[in-house]
Peer 1: 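Just dropping this structure here.
Remember, it's a predicted structure, so these values are computed and weren't measured experimentally. We name chains A, B, ... by the order of the sequence lines, and we start the count at 1 in each one.
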Amino acid sequence: MVVRGMARAFVYPRLELTRWSPLRRLVKHRAFQFMLILPNLAVFVLVLAAAFLGTPVGNRNFAIIFVWIVWWAALIVLLIPLAGRIWCAMCPIPAPGEWLQRLAIVARRPGRPFTLGLSWPRALRNIWLQNGTFLAVALFSAIILTRPLATGIVLTLFIGLALLLSLLFERRVFCRYVCPVGGFIGLYAMVAPLELRVKDPQVCVTHKEKDCLRGNAKGYPCPWMAYPGNLWRNIDCGLCTECLKACPKENVGIFLRPFGQDLLLARAPGWKGRSLDEAYKAFIMLSCALIYSAVYTGPWGFLKEWANLSDPAGFALYAAGFLGLNLIGLPGVFLIAVALARWIARAEIPLRRLFVELAYALVPLGLTGWIAFTLSFVLVNISYAIPLLSDPLGRGWDLLGTASHPWTPYMPELVPLLQLPFLWLGLAVSIGLAFRIAQQNLEDAAKARRALLPIASFMTLIVLLFQRLYLG
Amino acid sequence: MNTWGERCPGVRMRGTWFLVSGIGLLGFIAPVVGLALSLTPGRTPVVREIELLSQAFHYDPLQPGEAHTRHALGGRIEVRWGERVVLHLRAADTAHGFYLDGYGINRIVQPGEEVTIEFIAIRPGKFRFRCSETCGPLHPFMIGELVVTPNLPFYGSALGTIFLALAVVGRFWWLKREA
Ligand code: SF4
Ligand code: SF4
Ligand SMILES: [Cu+2]
């Protein structure tokens with residue numbers, strides 16, 4: 001019998017997009033990633049200029065509106081669910097560091113990279129650090145999302161840290177292990193119907209030179225420290241296309257596939273299996289979506305004041321509640337659900353193991369929860385972007401004649417009707433995934449069915465909480 | 001062996017989805033219809049007067065004569081479906097706006113003045129009102145809630161969620177017994 005969830009050379013149907021030669025030529029071109037980064041870098045420079053030089057009024061500042069509404073909505077509603085880590089391929093933040101490391105922007109420069117080349121500490125080769133950096137940024141979100149200067153400082157810190165780390169360590173350790181955004185993009189990228197993988201893992205096994213790992217004249221060694229021959233999940237690949245360029249066997253491709261395949265994977269060669277750091281990422285993202293929905297779209301003025309650091313005691317309470325819910329509250333309730341599941345299924349598997357495994361079932365629900373939260377403010381506030389197109393730096397310009405466009409919420413009363421289908425989709429998919437994961441870990445389907453009851457109840461409760469905030 | 005179930009996954013899937021959507025729909029419609037029927041038409045229109053104090057970055061609804069408390073538990077106004085609502089809007093610190101979702105009402109109030117806003121709560125559900133006059137950093141999140149009871153969309157969709165969960169779990173409990 002085959003082990004369920006084992007990577008058996010891609011059990012799901014895949015359509016290789018790179019078979020289409022114009023696309024293959026495009027992604028194999030050395031300038032491909034640079035062309036993706038360039039427009040984003042241009043906007044990024046404008047964002048920094050607006051953040052430091054523009055008006056301090058958040059909703060009239062290009063940096064705030066284009067980062068936290070336009071970019072955020074595009075990222076969470078379109079880019080991640082449809083194309084996974086595609087943002088990581090076009091992100092301007094690690095670019096200066098990577099270019100300096102390579103002493104080249106587009107070309108494949110041979111020779112030693114410009115870096116101390118330390119290797120990343122083994123204890124940090126997981127996403128715990130990313131969980132921490134995300135929580136740190138998220139805790140101060142009410143400041144960062146509303147003050148251009150704060151946004152500017154945070155983005156500058158990111159780019160500075162990415163540069164520093166690229167000088168100290170090999171490759172893109174910032175993206176892989178530190179970036180607070182990279183952490184959840186990776187987690188939710190596993191849902192996406194797009195993947196970069198090898199066509200046939202067997203070819204890699206027999207290919208002794210492994211150009212993708214060492215790099216060759218056509219491509220750099222994988223900046224994300226992945227080995228395509230053992231690459232099974234989108235979380236591990238930054239879609240930089242270097243291996244696609246380097247592989248002499250033409251064994252790497254970009255594929256269309258059914259949604260969410262990486263979440264079904266239980267074991268694969270060269271992968272340690274589902275882990276607690278990623279499970280916690282799923283908890284943190286889910287609880288943050290709930291907390292943000294309450295703080296930003298709720299009517300509770302005191303919560304906004306606390307989050308806004310208006311009084312230190314209030315903020316201390318808020319911080320305790322925020323971290324408590326993220327790290328203890330939600331995982332704790334889930335642990336109780338898993339313990340119940342284990343008990344009524346009379347399962348042998350250790351509680352901790354089952355807890356980690358089943359946490360991955362929360363990924364689809366977390367993503368749709370974030371989409372629902374994003375929908376609650378994007379249609380209402382996207383019109384703030386219109387005048388800024390004409391006057392990005394707040395200098396009284398009117399480049400496109402839209403400078404005096406008023407704030408216009410689009411269909412705000414229909415937002416709950418848009419949120420509901422996403423929440424329901426997330427719930428249905430997450431329950432289905434929980435059943436599959438239970439099947440992988442419990443001895444038979446009957447046990448999996450019983451184990452499903454408390455887990456599905458937990459998920460239903462989460463959706464009801466979202467509904468209470470949005471409609472209740 | 002259940003060859004029918006084994007060989008025709010398409011048929012089985014369709015059955016499942018029929019069940020899921022059927023139950024979900026029922027869960028959504030039943031309470032809406034039930035509660036709508038229980039509302040007696042032609043009730044005498046009640047006028048609800050509410051004082052609404054806006055202050056960065058929230059709204060405090062007060063019953064007439066009630067003292068203002070700074071940390072009111074959320075700017076939430078509850079009225080019944082069909083009531084005529086009269087809001088007396090004031091601003092405590094700086095100019096604020098009042099934009100009511102679904103009603104197209106958009107007014108600005110300066111400190112020291114009182115703006116009266118009148119409308120009939122024509123639809124049940126939760127409608128947010130938002131500040132429409134830039135008033136500080138958290139201005140885009142300055143939000144209050146008008147809940148027109150009975151909140152049928154909430155109760156209906158909550159039941160829908162429960163039925164959906166039951167249907168999906170049920171799919172694994174019953175329809176896959178043979179598999
Ligand atoms: S170079 Fe190509 S064939 Fe060789 S190991 Fe890497 S991906 Fe596989
Ligand atoms: S696996 Fe290939 S595309 Fe993915 S990050 Fe590594 S080199 Fe880039
Ligand atoms: Cu305001």
Peer 1: Check whether A:F377 gets within reach of chain B through its side chain, its backbone, both or neither, counting any heavy atom under 4.5 Å.
Peer 2: neither
Peer 1: Kindly indicate, with the supporting measurements, whether the criterion side-chain hydrogen bond (donor to acceptor under 3.5 Å, both in side chains) is fulfilled by A:Y296 and A:S376.
Peer 2: CA-CA 9 Å; A:Y296 294 120; A:S376 73; over 6 Å; no
Peer 1: With only heavy atoms counted, which part of A:R60 is less than 4.5 Å from chain B, the side chain, the backbone, both or neither?
Peer 2: side chain
Peer 1: Contact part of B:Y99 toward chain A, heavy-atom cut-off under 4.5 Å: side chain, backbone, both or neither?
Peer 2: side chain
Peer 1: Can you tell which part of A:V380 gets under 4.5 Å to a heavy atom of chain B, answering side chain, backbone, both or neither?
Peer 2: side chain
Peer 1: Answer with side chain, backbone, both or neither: which region of A:T297 has an atom nearer than 4.5 Å to a non-hydrogen atom of chain B?
Peer 2: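 Both the backbone and the side chain of A:T297 come within 4.5 Å of chain B.
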Peer 1: Run the side chain to side chain contact (heavy atoms under 4.5 Å, CB included) test against A:L309 and tell me which residues pass, sequence neighbours left out.
Peer 2: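 Listed in chain order: A:F140, A:I143, A:F315.
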Peer 1: Check whether A:T55 reaches the backbone of A:V57 with its side chain - one donor and one acceptor, N or O, closer than 3.5 Å.
Peer 2: yes
Peer 1: Kindly state whether the ring of A:W306 and the ring of A:W300 have centres lying under 6.0 angstrom apart.
Peer 2: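 No, the ring centres sit 6.0 Å or more apart.
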Peer 1: With ring-ring contact (aromatic ring centres under 6.0 Å, His included) as the test, pick out the partner of B:Y103 among B:F98, B:F127, B:F129.
Peer 2: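 The ring-ring contact (aromatic ring centres under 6.0 Å, His included) with B:Y103 is passed solely by B:F127 among B:F98, B:F127, B:F129.
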Peer 1: Using heavy-atom distances under 4.5 Å, tell me whether A:L453 contacts chain B through its side chain, its backbone, both, or neither.
Peer 2: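 Just its side chain gets close to chain B.
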